[in-house]
Amino acid sequence: MANTAEHQPRVSTTNQPPTSSIIEPFPDFEPADQPLVTRTTEVPPMPKVMDWAVAPTGSRSRADEIIRQVEYYFSDENLPHDAYLLGFAGMQGTNPVSISLITGFKKMKQYRPNSAVREALRGSTVVEVVDNKHIKRREPLTIRPTVTPRIDINRYKKQLQAAQQPHMTAGMLKPTGFEPYATEGPISPVQYEKNLEKYGPDEGIIARMETAVNSFSDSRKMHQHIRRVFEKFVLFGGFGTNNRMFQGGMNKKQAKAAGLAGEEVQTTEYYGIVEQVSDAFYAEEDGSKKSNWVVDFEGIAKAFLSSQFLQHFEWTEAKQVATTCMVLRNFYNYLMAHSACPEYHDQLLAARAVCDAAEIELPKLAITDRSLPGAFNSACSTLLGGSWANARRAKDSWANDGDNLGLERDQADIIVKAGIAAYGSDEQSKAFNDGLSHTSTERGGLEIVGVQLADEKTKQFYADLGGREGYEAFIRCMGKLICKRWTVPFAAPVDVPTSAKVKIDKDETFTFLVEDETLIFCELGMKMAVTVIEMNNGFKFIDSIEMMFPTFYEFLPNERIFEWKEPGPPKAWMARQTVNKDGGEGADARIEQGEANGGGGGDGETLSDEEHASTMASVPSTMKGVVINKNGGTEVLEYKTDLPVPKPGNGQLLVHNDYVGVNFIDTYFRTGLYPAPQMPYTLGREAEGTVVQNGSGEQYGLKEGDRVLIMNESTYAEYTAANAVKAVKIPDGIEKKVGVAAFLQGLTALTLIREAHHVKKGDWVLVHAAAGGTGLWLVGLLKAVGANVIGTASTQEKVDLASKAGAGHMINYSHEDVKAKVMELTKDAGCIAIFDGVGKSTFDLSMDCLARKGSMVSFGNASGAVPPVPIARLSAKNARLMRPTLFGYIATREEFEHYTNELFGFLKDGKIDVKIHKTYPLSDAGRAHNDLEGRKTTGKLLLDPSK
Ligand code: NDP
């Protein structure tokens with residue numbers, strides 16, 4: 001029987017006697033038979049005692065029995081003399097005690113399950129339920145314990161562990177075989193016999209390893225993070241999961257068909273050698289082919305810990321490094337202890353030593369990876385238009401503050417000067433003062449062959465300099481990092497024309513200035529994939545580092561087991577980029593020939609290791625782009641053909657831009673309305689293009705060859721190092737140019753009508769400059785949601801265009817009375833939302849056209865910035881005034897994806913007609929700006945960076 005409210009006496013929570021004053025205020029109140037307010041001493045019923053808790057006789061519930069028994073255990077009468085329970089409840093008796101412990105007592109077993117006991121105890125006045133699993137005495141003992149508490153060490157340890165790792169369940173706390181104290185063997189004679197059977201001399205190494213990998217996996221309790229390491233590791237070594245079932249290679253279906261049933265069919269996780277490896281090995285065994293696979297435990301350890309591990313795990317965390325090394329070591333120990341492959345004993349010892357070395361070196365590599373190229377090299381890069389040049393952003397630009405890395409130009413200037421003063425010759429200092437430029441850019445690999453910390457004199461120089469006010473934050477003592485060339489083994493095959501071949505001197509050394517605090521972590525033999533730039537004064541600097549590798553780096557063909565594809569022929573854009581700077585007509589001819597030949601670029605000759613100086617020759621070192629060196633009219637736009645191609649950094653992609661969107665904001669940066677983060681500054685905010693290179697870090701699934709839209713600075717160029725977080729793959733079915741024509745302006749319109757003012761069907765809305773890029777999007781989307789759109793524009797042609805796009809009512813604001821027309825259309829109510837990107841010249845008008853409780857959304861300054869507005873002005877209409885930016889609505893990846901998906905939906909449905917005004921050559925960016933500012937355009941303006 002359930003304790004429902006109907007069966008309960010109506011009780012008061014107060015013990016006050018009924019008084020007439022409670023009833024008096026309600027003269028028409030008829031007292032019920034039962035007084036509403038009673039004085040009672042009854043304990044209110046327990047809220048949730050389970051049905052079964054009421055004894056079948058109905059005389060006394062099991063809940064009462066449970067309470068009475070447990071209250072006795074914790075009573076002053078028992079607990080002070082109960083050494084065992086006292087060991088858990090503590091000297092005061094008030095420590096939480098697990099309910100399982102209590103239900104383990106002989107008399108309590110009958111009351112299980114634990115949940116029932118817990119529910120019953122909610123009615124106890126002596127103990128209280130702490131959480132799902134524990135109870136405790138409510139008050140401390142009033143009698144001193146008469147016995148010494150007996151501590152159950154094992155339970156105590158578990159409790160302690162559980163308290164330290166509250167996310168782990170009891171099962172997870174059982175020994176796993178990976179504890180630091182876990183050892184292998186000695187094995188029993190029976191095990192020894194079994195091992196002989198399993199790993200007998202007749203079994204080939206593949207069969208033995210297969211057995212060993214599975215026995216090891218079965219003998220360990222692998223938590224998720226350990227299983228992940230183990231699986232990636234054995235896969236790298238040639239073993240896949242569940243690719244073969246235990247029954248002689250049969251799968252479950254085949255095994256069933258063969259009459260095997262139940263436990264005979266092993267369905268648990270099983271590691272089997274992957275096809276590529278077994279085919280190769282068995283082909284060699286039957287003599288049909290020579291295998292290129294060898295047993296190389298040491299090589300696998302080196303290659304795994306220096307490549308796969310760095311790619312798939314949070315390797316910069318020392319804890320992850322320790323766990324990974326521990327798993328590998330544990331596996332090697334197992335192989336040795338079980339004599340799985342005694343003939344490889346030495347290799348196993350060497351592999352174990354690799355783990356030991358990696359555990360020490362990888363944390364150092366993590367520091368160098370984070371710190372290099374260091375302040376001096378980044379400062380050179382900043383001043384010389386390298387990959388750090390645009391890293392520092394204007395304070396009020398759209399950039400996320402968190403991303404604002406990089407140096408101010410004046411800081412960079414001081415750092416470079418300090419470096420040249422400490423280490424350069426007089427000529428080099430003079431060249432610096434005369435103005436720096438870069439003479440060459442080279443991409444490739446470097447190996448550290450020497451580290452020289454600063455000598456005492458240099459240290460003193462830096463100490464003095466750093467002591468100057470304002471310098472201490474960024475002046476650091478530097479020493480020398482000496483490197484020689486190293487061939488990056490995984491680099492794509494290089495096809496470059498003969499004219500681009502460079503004979504390289506493998507023994508040439510390079511010296512770079514690096515801060516001492518980083519140098520101390522640099523180990524001889526560490527390697528890096530880098531871009532190096534040489535300045536006109538002879539100084540070389542590391543512009544950026546693509547990846548660092550430990551001293552024990554090894555490249556194995558195992559990388560090909562998974563995620564590896566035979567590189568295809570170079571694509572057309574690659575062929576275009578292989579043109580040498582001085583290639584001229586000859587180079588063009590080569591491209592044509594290459595394309596005609598099915599895409600193979602250049603003259604088809606592949607360079608040898610010694611010959612190729614660059615690992616990424618398909619991306620040129622210089623590119624076309626439009627920069628400004630000062631603010632002003634369109635005359636300040638400088639079209640360049642020798643800008644350094646940026647390098648994708650952490651979380652970035654290198655994108656080859658096919659089309660670039662022109663936006664009003666570009667004119668703001670040009671004129672100085674918005675301050676450029678640095679000069680020279682490459683303009684631009686969006687582009688459509690192809691990913692040609694991935695940087696490190698999070699790439700959001702975007703990869704080489706993907707067609708993408710990017711929302712990023714510095715897109716007025718052939719290439720942009722774009723933040724992957726604001727890049728999105730263009731879905732199939734969206735034609736070229738359409739994506740970028742829709743991107744920034746479409747997203748702006750979409751976020752404005754969804755978030756700045758959530759427009760609903762039937763709302764009256766006013767859109768200024770309705771035939772402009774953003775304006776046409778607003779009109780189209782507002783029509784799609786069923787709003788009544790009133791648009792404004794300055795010419796009849798624009799009026800007609802916006803009407804065609806869906807504006808129900810258009811006003812030519814060059815000669816019509818906008819306010820009168822709006823009030824007439826809205827029957828004097830005004831518009832509930834006004835989207836005003838024109839700014840200064842329309843602001844007052846917009847406020848006049850606004851409805852009571854309306855939203856005035858001022859989102860741009862095409863006619864100039866709106867002067868400050870006194871907030872009292874809003875009270876006349878209880879108005880909302882907003883100055884939103886697109887970036888504020890798509891700041892997170894989730895928001896960005898949400899809105900881009902919605903935008904793509906509109907494009908695919910064909911609901912919006914994307915109007916492209918014109919595509920200008922990049923070299924003609926000035927004309928595009930003139931046309932936009934001159935109000936000559938409708939819809940979207942694009943630039944073609946190839947021209
Ligand atoms: P448009 O294609 O809309 O061009 C601007 C239009 O503004 C002109 O065609 C013109 O249309 C009108 N205009 C009115 N007065 C002037 C003037 N004095 N000088 C120039 N143009 C004037 O450009 P966009 O779509 O790129 O940008 C529109 C507005 O939206 C801009 O203010 C821009 O800054 C803003 N914007 C804001 C964003 C944000 O995140 N907040 C994002 C994107 C854009 P007409 O001849 O019909 O008057």
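Order of listing sets the numbers, starting from 1, for every ligand and every atom in it.
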Using a strict cut-off of 4.0 Å, indicate which atoms of ligand 1 neighbour a heavy atom of [X].
X	value
Q745	24 (P), 25 (O), 26 (O)
G772	1 (P), 2 (O), 3 (O)
E933	19 (N), 20 (C)
Y813	14 (C), 45 (P), 47 (O), 48 (O)
G837	29 (C), 31 (C), 32 (O)
T885	39 (C), 40 (O), 41 (N)
G860	32 (O), 34 (O), 35 (C)
G773	1 (P), 2 (O), 3 (O), 25 (O)

Can you confirm whether the side chains of [X] and [Y] place a donor and an acceptor under 3.5 Å from each other?
X	Y	result
T720	N712	no
E638	N629	yes
N663	E686	yes
T892	E895	yes
D836	S846	yes

Determine, for [Y] and [X], whether the Lys NZ or Arg CZ falls below 6.0 Å from the six-membered ring centre while staying within 45 degrees of the axis.
X	Y	answer
K918	Y920	yes
K726	F896	yes
R893	Y700	yes

Under 4.0 Å between a side-chain nitrogen and a carboxylate oxygen: does that hold for R873 and D844?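 A salt bridge is present here (some side-chain N lies under 4.0 Å from a carboxylate O).
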Do NZ/NE/NH1/NH2 and the carboxylate oxygens of E688 and K737 come within less than 4.0 Å?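 Salt bridge absent between E688 and K737.
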Min N/O separation [X] to ligand 1 under 3.5 Å:
X	answer
N663	no
K798	yes
A862	yes
P884	yes

Flag the pair Y681 / F669 as yes when their ring centroid distance falls below 6.0 Å, and as no otherwise.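 So the answer is yes for these two rings.
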Just to be sure I'm reading this right: ignoring hydrogens, which of [options] gets closest to [atom]? Compare them by their nearest heavy atoms.
atom	options	result
atom 23 (O) of ligand 1	F664, Y674, Y668, F859	F664
atom 14 (C) of ligand 1	N861, L776, V838	V838
atom 46 (O) of ligand 1	G746, S794, A793, S841	S794

Return the minimal non-hydrogen interatomic distance between K624 and S946, and the atom names on each side.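 Closest pair (atom of K624, atom of S946, distance): NZ-O, 3.1 Å.
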Taking 4.0 Å as the limit for heavy-atom contacts, which would you say applies to [X] with ligand 1: side chain only, backbone only, both, or neither?
X	answer
R883	side chain
V662	neither
A771	neither
L886	both

